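What follows is a short report on a single structure.
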Amino acid sequence: MVLELSQIQELVSHQNKNDTLLAMKMIQRHLRFHTEINTFQKDAALQASIFLDWVKGILPKDKYNVFVHLFKFPLPSTDVVDDVYKELARVYESRDSNSNYRFTNPSLEEDWLDYKAKISSEKVWKDKGWEQMRIAPNSVLIIDLPQEQHGSRPEPYFYWLDIDAILNYETRDDACAMEWIIFKQGKDRIAVIDDSSYRIFKTKENSNDIESLQYEARHDLGYCPARFYWSESINAKRPEVKKNPLTKELSSLDWYLFFFLSKRHLDTYAPYPIYSSYEAECNFQNDENGDYCDGGFLRDSSNAYKILNDGTVEKCPCCGNKRVVGPGSFVEVPVPNAAEGILDMRNPVQITTIDEASLAYNVSECSRLRQEIVDSVVGSGGTVSEKEAINETQVAANFENKSSVLIKLKINFEQAQKFVDDTMCRLRYGDEFISSSINWGTEFYIFTVDELYARYKEAKANGASDAELDMLTQHINEVEHKNSPLVMSRMNILKQLEPYPHKTFAELMQLHKSGLLSSKKLAIKINFIDMINKFERENIDIVQFGSNLDLGEKIKIIYNKLEEYVSSTQYRPDPVDVDEGSKGTKKDPDGVKGGAKKE
């Protein structure tokens with residue numbers, strides 16, 4: 001839609017998106033409150049006030065006053081959010097991500113890839129794109145052109161526009177791509193982008209009244225080069241209001257923050273117990289100046305407390321020092337008086353400490369709330385009881401849950417990047433650009449190496465098959481060496497060469513004793529690394545060796561060489577004890593007795 005000047009002035013004067021923009025701002029302000037590490041309360045004063053007003057409705061006045069004292073930036077909820085996004089950042093680590101661009105002239109693809117590298121496109125998506133997703137999912141992606149072209153081709157760029165700058169807009173049916181958008185640029189300029197041009201108008205300072213057109217450039221795209229960054233809507237009623245992965249947990253984060261600070265309040269009772277004793281009646285009175293005791297502190301003849309030069313209230317010289325010295329609370333109880341019906345046989349002075357079970361509950365409940373938020377956002381890997389046998393289906397299910405979360409996340413990134421890349425290519429190459437394919441992958445590195453090793457250990461203890469253990473080993477290799485392709489290739493080759501990779505030495509000797517494992521294979525297994533090193537000294541690195549051969553043929557050649565080493569002097573299989581000093585007597589499957597023993 002091409003906007004006329006009269007339409008622009010009307011749209012600026014009568015902004016019909018104010019309610020929607022307000023909803024966007026409220027969500028993003030709430031996200032920033034729990035996501036950004038603020039040092040000063042004034043940086044998040046509005047949302048902090050909303051939160052504290054909510055707490056005020058829960059707590060009595062005295063408890064609320066303590067809560068406000070404990071409320072301090074940076075907030076503990078930011079640690080929970082960091083845990084969430086640490087898991088979600090795996091969306092950038094996929095085994096099968098790829099991007100393809102088609103042009104009428106294949107040489108243009110190289111030019112485009114060089115240009116992407118020049119503007120650090122990949123880094124921008126990982127850094128700025130990630131941060132905008134965290135705190136500003138409703139920001140708008142703008143693809144723009146410099147006012148002056150210096151090279152042989154246009155040099156488009158993109159940026160995220162904060163919604164605070166937006167005056168008005170209209171989206172297409174998908175509630176993402178813009179028909180047009182109008183936004184502020186400083187105090188006296190507004191920018192207008194529609195499906196035909198970029199325009200900048202001068203306005204009266206601190207006003208939206210248009211005075212003149214300052215700049216205009218046609219783009220001939222046929223559509224507006226702007227869209228909401230995130231695609232996922234908060235609900236069907238407000239499709240233009242977007243949500244990021246954490247939006248649904250904002251109320252849970254509020255509760256976690258409330259509970260965490262309440263726990264801190266309870267914690268103060270542990271080091272500072274409550275003291276109690278009988279009321280100490282004091283009749284001190286200074287007849288010369290009229291001073292008298294009131295609860296351990298002095299008042300003068302006008303009933304005003306006596307304030308010392310240091311700003312503190314003067315204590316009674318008789319009883320003022322008989323109360324608690326140092327931190328802690330002091331409570332006075334009535335003195336027993338049978339005539340008035342007050343009977344109390346308690347100790348004159350008591351110390352009331354905090355219930356240890358209450359402290360333990362609050363600690364565990366904070367941990368539970370924290371984990372509940374993390375699992376709700378990133379998905380749970382699924383747990384298998386240590387007493388339950390783990391099978392291949394269960395191992396696969398552990399990965400599926402978290403993978404589905406990452407796939408949902410990456411679709412939003414893909415759609416945003418495709419819009420940006422397609423638009424930039426059309427601005428730079430025109431009709432010479434055909435299409436693009438953006439795929440952030442579906443095979444993510446879901447678990448850490450430590451987690452995978454723990455799963456492997458558990459699976460082996462529960463009697464998992466070698467096929468299931470192989471699958472876990474493959475995952476460990478891919479995660480541990482994801483940034484070292486050569487090391488990963490080497491590990492994959494070694495995995496195919498090594499006999500019985502999942503058997504312990506004791507298990508191997510038992511198989512040999514039972515006649516189920518030949519001495520030749522046992523020799524290769526025990527001396528495996530030495531033999532591989534010998535092979536590489538005599539030939540070449542196993543990754544480079546036979547690089548033009550089929551993998552199966554390559555493995556066969558190397559393994560045959562290892563078998564030759566077994567027959568050599570260095571790796572000759574000698575008899576070994578397999579049962580506490582007694583030599584194995586079962587017939588060797590290869591016609592040789594014993595196991596492998598390196599000389």
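Being a predicted model, the structure only gives us computed values, none of them experimental. For the single chain, residues carry numbers from 1 onward in sequence order.
Between the side chain of N100 and the backbone N or O of S437, no donor-acceptor pair lies under 3.5 Å. In this structure, S364 contributes its side chain and Y361 its backbone to a donor-acceptor pair below 3.5 Å. Checking side-chain atoms of S367 against main-chain N and O of V363 turns up a donor-acceptor pair under 3.5 Å. The main-chain N or O of N439 is never found under 3.5 Å from a side-chain atom of N98 such that the two would form a donor-acceptor pair. A donor-acceptor distance shorter than 3.5 angstrom exists from the side chain of Y115 to the backbone of E155, with no hydrogens or angles considered. Distance alone, capped at 3.5 Å, places no donor-acceptor pair between the K248 side chain and the K243 backbone. R428 contributes a side-chain N or O that, together with a main-chain N or O of P154, makes up a donor-acceptor pair within less than 3.5 Å. Judged by distance alone, with hydrogens and angles left aside, the side-chain atoms of E432 form no donor-acceptor pair with the main-chain N or O of N105 at under 3.5 Å. Judged by distance alone, with hydrogens and angles left aside, the side-chain atoms of Q15 form a donor-acceptor pair with the main-chain N or O of V12 at under 3.5 Å. Formation of a donor-acceptor pair under 3.5 Å by the D194 side chain with backbone atoms of S197 is found in this model.
Between K116 and D421, at least one side-chain nitrogen of the basic residue sits less than 4.0 Å from a carboxylate oxygen of the acidic one, meeting the salt-bridge criterion. One finds no salt bridge joining K86 and D82 here, because no Lys/Arg side-chain nitrogen approaches an Asp/Glu carboxylate oxygen to under 4.0 Å. Comment: R172 does not engage D174 in a salt bridge, judged by the lack of any side-chain N to carboxylate O separation of less than 4.0 angstrom. In this structure, R368 pairs ionically with E372, as a charged nitrogen and a carboxylate oxygen lie closer than 4.0 Å.
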*asked:* ring-ring contact (aromatic ring centres under 6.0 Å, His included), that's the test. Do Y92 and W130 meet it? Break it down for me.
replied: CA-CA 10 Å; Y92 291 110; W130 184 251; 5.5 Å; yes
*Could you please spell out the steps behind the ring-ring contact (aromatic ring centres under 6.0 Å, His included) verdict for F67 and F258?*
CA-CA 9 Å; F67 188 94; F258 167 74; 5.7 Å; yes
*asked:* Before you tell me yes or no, could you show the steps for F413 and W230 under ring-ring contact (aromatic ring centres under 6.0 Å, His included), namely the whole-Å CA-CA distance, both residues' side-chain angles and the distance that decides it to 0.1 Å?
replied: CA-CA 8 Å; F413 282 115; W230 216 240; 5.0 Å; yes
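Tested against I438, the residues K410, Q415, Q417 include a single side-chain contact (heavy atoms from CB on, under 4.5 Å) partner, Q417. When the options V377, V374, L75 are evaluated for a side-chain contact (heavy atoms from CB on, under 4.5 Å) with V80, the one that passes is V374.
By the neighbour-count criterion of 12 heavy atoms within 6.0 Å, atom NZ of K128 is sparsely surrounded, having that number or fewer from other residues, nucleotides or ligands. Environment of CD in E122: sparse, with no more than 12 heavy atoms of neighbouring residues, nucleotides or ligands closer than 6.0 Å. Heavy atoms of other residues, nucleotides or ligands lying less than 6.0 angstrom from NZ of K202 number more than 12. Within 6.0 Å of CZ on R102 lie no more than 12 heavy atoms contributed by other residues, nucleotides or ligands. Other residues, nucleotides and ligands contribute only 12 or fewer heavy atoms inside 6.0 Å of the CD atom of E110.
Not counting sequence neighbours, the partners of K237 by the side chain to side chain contact (heavy atoms under 4.5 Å, CB included) test are N235. With sequence neighbours left out, Y429 forms a ring-ring contact (aromatic ring centres under 6.0 Å, His included) with F103.
Cation-pi geometry between K17 and Y169 is met: the NZ or CZ atom falls under 6.0 Å from the ring centre, inside 45° of the normal. For the pair K263 and F260, the distance from NZ or CZ to the six-membered ring centre is under 6.0 Å and the angle to the ring normal is within 45 degrees.
L266 contributes atom CG, which lies 13.0 Å from atom CG of L261 (distance to the nearest 0.5 angstrom).
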Tell me which donor-acceptor pairs under 3.5 Å the side chains of residues 160-167 have, and how far apart each pair is, sequence neighbours excluded?
{"residue": "D162", "atom": "OD2", "partner": "D164", "partner atom": "N", "Å": "2.9"}

